[in-house]
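Just so it is clear, the structure is predicted and the values come from calculations on it, not from any experiment.
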Amino acid sequence: MQHILMVDDDPFMGELAKGFLSGPETEVHGALSGEEAVRAMQSRRFDLVVTDIDMGKLDGLSLIRHIRSSATHASVPVLVVSGRKDLHAIDMARSLGASSFVSKPVNWRLLPYKVRELLTQTEARSVA
């Protein structure tokens, strides 16, 4: 079973993610803030983190920093899903260790393919 953590302060985004990304081998967990995501990561190892950038006190960029500095989650792929389309935000997310970037509005029919691609790349690296 693969576990995905969806981090977005919009609860509707979390519900959409659960609907489109959950399956027999995949469970989607939701967090409404960066702080909630950090707490979730303290109790479970995730195979992928999907995060928005613009959230409250602990935003998506700070969450990426936290993940990359974590002994448990440092190698977990991070997919940024954000309404921010400026190159600065994309460059900043990538420089902090984001694995990929998807702009909102999300194409929910294509997102599962991006998720599978990231999970497959991570599995291939762990086997090699």
Side-chain angles (χ1 to χ4, degrees):
M1 175 71 68
Q2 294 179 313
H3 296 273
I4 298 172
L5 179 59
M6 177 67 187
V7 188
D8 197 305
D9 56 355
D10 180 352
F12 186 63
M13 288 293 291
E15 290 305 312
L16 283 170
K18 285 180 183 177
F20 280 93
L21 301 177
S22 294
E25 299 295 321
T26 308
E27 186 174 342
V28 178
H29 307 261
L32 294 172
S33 67
E35 297 88 352
E36 194 176 317
V38 169
R39 286 191 298 275
M41 289 186 292
Q42 290 170 345
S43 61
R44 168 180 297 285
R45 181 158 184 345
F46 291 96
D47 300 293
L48 174 68
V49 175
V50 180
T51 186
D52 189 12
I53 290 179
D54 295 321
M55 296 182 289
K57 188 169 66 173
L58 185 69
D59 66 5
L61 298 176
S62 299
L63 179 59
I64 295 169
R65 277 189 200 96
H66 175 81
I67 291 168
R68 294 298 172 239
S69 67
S70 162
T72 308
H73 287 90
S75 64
V76 172
V78 177
L79 173 60
V80 174
V81 177
S82 178
R84 304 261 313 259
K85 293 175 175 66
D86 58 288
L87 285 178
H88 176 72
I90 296 167
D91 289 343
M92 181 62 77
R94 292 291 269 185
S95 72
L96 292 171
S99 307
S100 193
F101 192 96
V102 173
S103 294
K104 290 180 181 177
V106 175
N107 182 331
W108 290 102
R109 294 182 60 129
L110 291 178
L111 188 64
Y113 293 103
K114 174 63 82 176
V115 165
R116 271 194 300 247
E117 175 186 322
L118 289 170
L119 290 170
T120 301
Q121 289 172 357
T122 303
E123 287 175 6
R125 270 186 250 131
S126 67
V127 171

Do the side chain of [X] and the main chain of [Y] share a donor and acceptor less than 3.5 angstrom apart?
X: Arg84; Y: Ile90; value: no
X: Ser69; Y: His66; value: yes
X: Ser99; Y: Leu79; value: no

Check your understanding: Are Val28 and Leu32 joined in one hydrophobic group, where the rule is that I, L, V, M, F, W and Y side chains link up if heavy atoms are under 4.5 Å apart?
Key ->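 Unlinked, Val28 and Leu32 end up in two clusters.
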Check your understanding: For Lys85, what residues pass the side-chain contact (heavy atoms from CB on, under 4.5 Å) criterion, not counting sequence neighbours?
Key ->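 In terms of side-chain contact (heavy atoms from CB on, under 4.5 Å), with neighbours along the sequence ignored, Lys85 is linked to Ser103, Pro105.
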Exercise for review: List in chain and number order the residues that pass side-chain contact (heavy atoms from CB on, under 4.5 Å) with Asp91, two or more places apart in sequence or in another chain; answer none if no residue qualifies.
Suggested key: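 Partners of Asp91 by the side-chain contact (heavy atoms from CB on, under 4.5 Å) criterion, ordered by chain and then number, come out as Leu87.
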Practice item. Could you check Ile64 against Val80 for side-chain contact (heavy atoms from CB on, under 4.5 Å), going step by step and ending with a plain yes or no? Key: CA-CA 9 Å; Ile64 295 169; Val80 174; 3.8 Å; yes
Practice item. Give the minimum heavy-atom separation between Ala89 and Asp86, together with the two atoms involved. Key: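 Here Ala89 and Asp86 meet closest at N-OD2, 3.0 Å.
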Review point. Of all heavy-atom pairs between Thr51 and Gly60, which one has the smallest distance, and what is that distance?
Key: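 That closest heavy-atom pairing would be OG1-CA, 3.9 Å.
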**Study point:** Where at least one partner belongs to residues 25-51, residue pairs that pass salt bridge (charged side-chain N to carboxylate O under 4.0 Å, His left out), sequence neighbours excluded
**Key:**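 For residues 25-51: none.
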State, with a plain yes or no, whether a side-chain heavy atom of [X] is found less than 4.5 Å away from one of [Y].
X: Leu63; Y: Val38; result: yes
X: Val49; Y: Ile67; result: yes
X: Leu61; Y: Ile53; result: yes
X: Val78; Y: Phe101; result: no

Determine all donor-acceptor pairs shorter than 3.5 Å in which one atom belongs to a side chain in residues 4-19; sequence neighbours excluded.
| residue | atom | partner | partner atom | Å |
| --- | --- | --- | --- | --- |
| Asp8 | OD1 | Asp10 | N | 2.9 |
| Asp8 | OD2 | Lys104 | NZ | 2.9 |
| Asp10 | OD1 | Phe12 | N | 2.9 |

Practice item. Quick one: pull up CE in Met1 and OG1 in Thr26 and give me the separation to the nearest 0.5 Å. Key: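 That separation rounds to 7.5 Å.
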List the atom pairs, with distances to 0.1 Å, where a side-chain N or O of residues 106-119 and a protein N or O form a donor-acceptor pair under 3.5 Å, not counting sequence neighbours.
| residue | atom | partner | partner atom | Å |
| --- | --- | --- | --- | --- |
| Asn107 | OD1 | Arg109 | N | 3.1 |
| Asn107 | OD1 | Leu110 | N | 3.2 |
| Lys114 | NZ | Ser100 | OG | 3.2 |

Review point. Among all residues two or more places apart in sequence or in another chain, which pass the ring-ring contact (aromatic ring centres under 6.0 Å, His included) test with His3?
Key: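 Testing His3 for ring-ring contact (aromatic ring centres under 6.0 Å, His included), a comparison that skips the adjacent residues, returns His29.
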